[in-house]
> 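Encoded as structure tokens, here's the structure I'll be asking about.
Predicted model, so just to flag it, every value in this text is computed and none were measured. For ligands, and for the atoms within them, numbers begin at 1 and follow the listed sequence. Values below: all heavy atoms of this structure, side chains included; hydrogens, waters and symmetry mates excluded.
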Amino acid sequence: MDCNGYHQENHDQNLFPKPKVLVLEPPPVFKYHEDKLSQKFHFLKAWDSPLPLDQFLTTHAHSVQAILSHGTCPVTNSTIRLLPSLGLIVTTSSGLNQIDLQECRRRGVSVAYAGSLFSADVADIAVGLLIDALRKISAGNRYVTQGLWANNGDFSLGSKLGGRKVGIVGLGSIGLEVGKRLEPFGCNILYSSRNKKSSVSYPYYSNVCELAANCEVLIICCELNDQTRHMINKEVLLALGKKGLIINVGRGAIIDEQEMVRCLMQGEIAGAGLDVFENEPHVPSELIALDNVVLSPHRAVHTEETLMALVELVIGNLEAFFSNKPLLSPVILDE
Ligand SMILES: O=CC(=O)O
């Protein structure tokens, strides 16, 4: 047994109790794989307790060494401060905006995340939303299922994907996968990113507004942080222009959602394909009513296959932590 009280080969709960892991809100992975996770760890379910959160945390304060979190579950500095034994936060997300990383750094709490596990799945959805928005697949589905086709209605023309100038905002692992998929369709890829990438020959724009002015589609693939919050504002949307489409698989708050809704309603941009929203699961009713908008419930990251791989990664990270081994997918918390 190691100093964290964890014995990897042991399965006898009576002799060696399972390590306790705090869960603030049920992560989506619980819905499918809770049994598998529970074979290894004892989950303290804050949301299931009649106690108010603070009281629940205070009750378990000294026994919580690890938290299992997910993309829309905030782990705030007040939560971290109530847990003096906390050493690890494992999030099932690639995004980290929901965790107070500064407090983790200050306290020496490690963080593990999904890394690029979802990048291919997210890129697939980005391309799917783009094709849907251009070729009106969802709108066509509504047209048929609402009986309009049978009633000799008129269905408007879509636009071609090939030859389109696509601006990728954030050329990390998701953005690169999006580019890789769209090149064979004959799209011209441009991008903006914190830094110019030597691995690609796509034209680079350090300014997102200039990128928008030079492309017909913007695909948001970057992370949400203080620099990117509302980075896609009125100026960028107007630069994208009346024929422009916006696709978002990053985080809702990267776009000024109110401004985007206004631009869509007033025809200042042509359409949108959105997997993420500012205030999930709330989606502005104006977006729901628009026929030129394709909506998806923040599911770009979830496929059966990737969730299986995610469970293994979560288990691997927790086991590594409780046996004092290096984490499988650590977040590097810079000074
Ligand atoms: O959106 C989900 C994630 O960040 O993994």
> May I ask you to list the atoms of ligand 1 that are less than 4.0 angstrom from any heavy atom of Ser93?
3 (C), 4 (O), 5 (O)

> Applying salt bridge (charged side-chain N to carboxylate O under 4.0 Å, His left out) to Arg107 and Glu103, what does each step give before you reach the verdict?
CA-CA 6 Å; Arg107 268 278 308 277; Glu103 183 63 11; 5.1 Å; no

> Among all protein heavy atoms, pick out the one at the shortest distance from atom 1 (O) of ligand 1; state its residue, atom name and that distance to 0.1 Å.
His298 NE2, 2.6 Å

> For Gly170 and Cys221, which heavy atoms make the closest approach, and how far apart are they?
O-CB, 3.6 Å

> Less than 3.5 Å between some nitrogen or oxygen of Arg251 and one of ligand 1, yes or no?
yes

> Please determine whether the number of non-hydrogen atoms from other residues, nucleotides or ligands lying under 6.0 Å from atom CD1 of Ile288 exceeds 12.
yes

> Passes salt bridge (charged side-chain N to carboxylate O under 4.0 Å, His left out), Arg262 versus Glu268? Steps please.
CA-CA 8 Å; Arg262 196 195 60 74; Glu268 279 163 4; 3.1 Å; yes

> For ligand 1, find out whether one of its N or O atoms is nearer than 3.5 Å to an N or O atom of Gly95.
yes

> In ligand 1, which numbered atoms sit nearer than 4.0 Å to a non-hydrogen atom of Phe118?
5 (O)

> Considering heavy atoms of the protein only, find what lies nearest to atom 5 (O) of ligand 1 and give residue, atom and distance to 0.1 Å.
Ser94 N, 2.7 Å

> Is the closest heavy-atom distance from His70 to ligand 1 below 4.0 Å?
no

> Does atom CZ of Arg81 have more than 12 heavy-atom neighbours from other groups under 6.0 Å away?
yes

> When you look at CD of Gln146, are more than 12 heavy atoms from neighbouring residues, nucleotides or ligands closer to it than 6.0 Å?
yes

